[in-house]
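One structure below.
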Amino acid sequence: MTRRRARYAGSTNREQADLEADEAARLAAHGDADAFARLCRGLQNDVWRYCWSLTGDRDLADEATQETFLRATSALHRFRGDAPVRIWFVVLARRSVGEVLRRHKRTPEPAEPTNVAVPDNTAATDLNGLVEALPIDVRQAFVLTQLLGFTYDDAATAVGCPIGTIRSRVFRARELLVEMCQAHHSREEVLDENG
């Protein structure tokens with residue numbers, strides 16, 4: 001009973017936050033600078049986490065988040081409210097990530113290993129480290145639905161794919177996270193036996 005109430009209270013808080021964000025967006029679209037500042041503060045963490053889910057890199061996520069809010073500054077007057085403003089920001093963020101990644105591809109950087117199946121020991125104890133190791137499409141669906149609280153339908157709208165695709169990607173993310181945790185624990189057991 002208590003767990004159910006807590007879950008309901010959490011969704012009520014998210015619904016209330018979404019309503020407040022939508023109202024702030026409507027006011028900001030008509031030139032209310034304070035409403036725009038509230039909107040940005042309210043969505044900042046969600047936008048950053050989504051950008052991180054696409055880039056897998058904290059610096060690139062910072063850059064893409066900044067780009068997203070810059071885009072919002074000039075585009076908010078076009079927000080019609082057809083969908084929650086959180087979804088609108090995620091769509092802007094996806095475009096911003098694309099632009100940031102294109103810019104960074106033009107400037108060569110040292111290559112990182114691409115075939116790392118399990119994160120190192122320190123990262124494996126951290127959810128972020130595990131999530132970073134997920135393939136990008138799976139990571140994106142997982143972050144939107146499990147960390148940011150988007151419904152599967154809203155996540156599908158934000159990403160631009162069918163809801164079934166989001167469901168299967170989240171299922172795959174959970175499978176991979178379990179496999180990585182099991183691999184990490186098995187490796188620790190071997191180290192303890194040999195240590």
Side-chain angles (χ1 to χ4, degrees), residues 21-22 24-25 28-29 31 33 35-120 122-124 126-150 154-162 165-166 169-170 172-173 176-177 180:
D22 288 348
F36 184 71
R38 279 194 316 275
L39 178 64
C40 292
R41 279 192 305 273
L43 295 177
Q44 177 179 321
N45 290 334
D46 285 356
V47 169
W48 185 89
R49 289 176 92 178
Y50 180 69
C51 291
W52 165 79
S53 79
L54 294 176
T55 63
D57 179 279
R58 295 177 193 289
D59 292 335
L60 291 177
D62 288 344
E63 189 176 336
T65 299
Q66 188 172 34
E67 177 84 18
T68 299
F69 287 104
L70 285 173
R71 286 175 182 237
T73 302
S74 61
L76 192 59
H77 70 279
R78 293 190 306 261
F79 175 69
R80 297 185 317 234
D82 297 338
V85 72
R86 224 163 48 115
I87 293 173
W88 187 78
F89 264 88
V90 164
V91 171
L92 282 180
R94 189 169 34 137
R95 292 176 184 152
S96 297
V97 165
E99 181 58 34
V100 166
L101 292 176
R102 277 189 291 280
R103 277 197 306 259
H104 280 271
K105 282 184 181 177
R106 286 184 230 137
T107 51
E109 294 183 21
E112 293 184 29
T114 57
N115 58 350
V116 177
V118 178
D120 68 7
T122 46
D126 174 21
L127 176 61
N128 287 338
L130 293 172
V131 173
E132 282 178 16
L134 293 172
I136 191 165
D137 57 339
V138 171
R139 182 172 61 218
Q140 177 181 210
F142 183 82
V143 168
L144 283 173
T145 59
Q146 307 305 301
L147 300 180
L148 300 183
F150 276 62
D154 287 347
T157 299
V159 173
C161 70
T165 302
I166 293 293
R169 288 176 181 173
V170 171
R172 183 68 182 135
L176 289 170
L177 289 170
M180 287 188 288

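- At a threshold of 4.5 Å between non-hydrogen side-chain atoms, the residues Thr68 and Tyr50 do not count as touching.
- The CD atom of Glu99 sits 15.0 Å away from atom CZ of Arg94, with the distance rounded to the nearest 0.5 Å.
- Contact check for Val131 versus Leu134: side-chain heavy atoms found under the 4.5 Å cut-off.
- Contact of the Leu43 side chain with the Val85 side chain is registered, since non-hydrogen atoms from C-beta on lie closer than 4.5 Å.
- Shown here are the salt bridge (Lys or Arg N to Asp or Glu O under 4.0 Å) partners of Arg86, two or more places apart in sequence or in another chain: Asp18, Asp46.
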Exercise answer: donor-acceptor pairs, residues 69-79 side-chain atoms, under 3.5 Å, sequence neighbours excluded:
from, atom 1, to, atom 2, distance (Å)
Arg71, NE, Glu67, OE2, 3.4
Arg71, NE, Ser96, OG, 3.2
Thr73, OG1, Phe69, O, 2.9
Ser74, OG, Arg71, O, 3.2
His77, ND1, Ser74, O, 3.1

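- For Arg172, the side-chain hydrogen bond (donor to acceptor under 3.5 Å, both in side chains) test picks out Glu175, with sequence neighbours left out.
- Sorted by first and then second residue, the ring pair (Phe, Tyr, Trp, His ring centres under 6.0 Å) pairs involving residues 128-149 (not counting sequence neighbours) form an empty list.
- Under the 3.5 Å distance criterion, the side-chain polar atoms of Arg169 are left unmatched by any main-chain donor or acceptor of Gln140.
- Checked against side-chain hydrogen bond (donor to acceptor under 3.5 Å, both in side chains), Asp82 has the following partners two or more places apart in sequence or in another chain: Arg80.
- Considering only residues two or more places apart in sequence or on other chains, Asp154 meets the salt bridge (Lys or Arg N to Asp or Glu O under 4.0 Å) condition with none of them.
- Separating the OG1 atom in Thr65 from the CG atom in Leu60 is a distance of 10.5 Å, to the nearest 0.5 Å.
- Take Arg49 and apply the side chain to side chain contact (heavy atoms under 4.5 Å, CB included) test, not counting sequence neighbours, and it matches Val143, Leu147, Leu148.
- In this structure, the side chains of Arg102 and Lys105 stay at 4.5 Å or more apart for every pair of heavy atoms.
- Between the side chain of Arg139 and the backbone N or O of Glu132 there is at least one donor-acceptor pair closer than 3.5 Å.
- Take Ala61 and apply the side chain to side chain contact (heavy atoms under 4.5 Å, CB included) test, not counting sequence neighbours, and it matches Trp48, Cys51, Trp52, Thr55.
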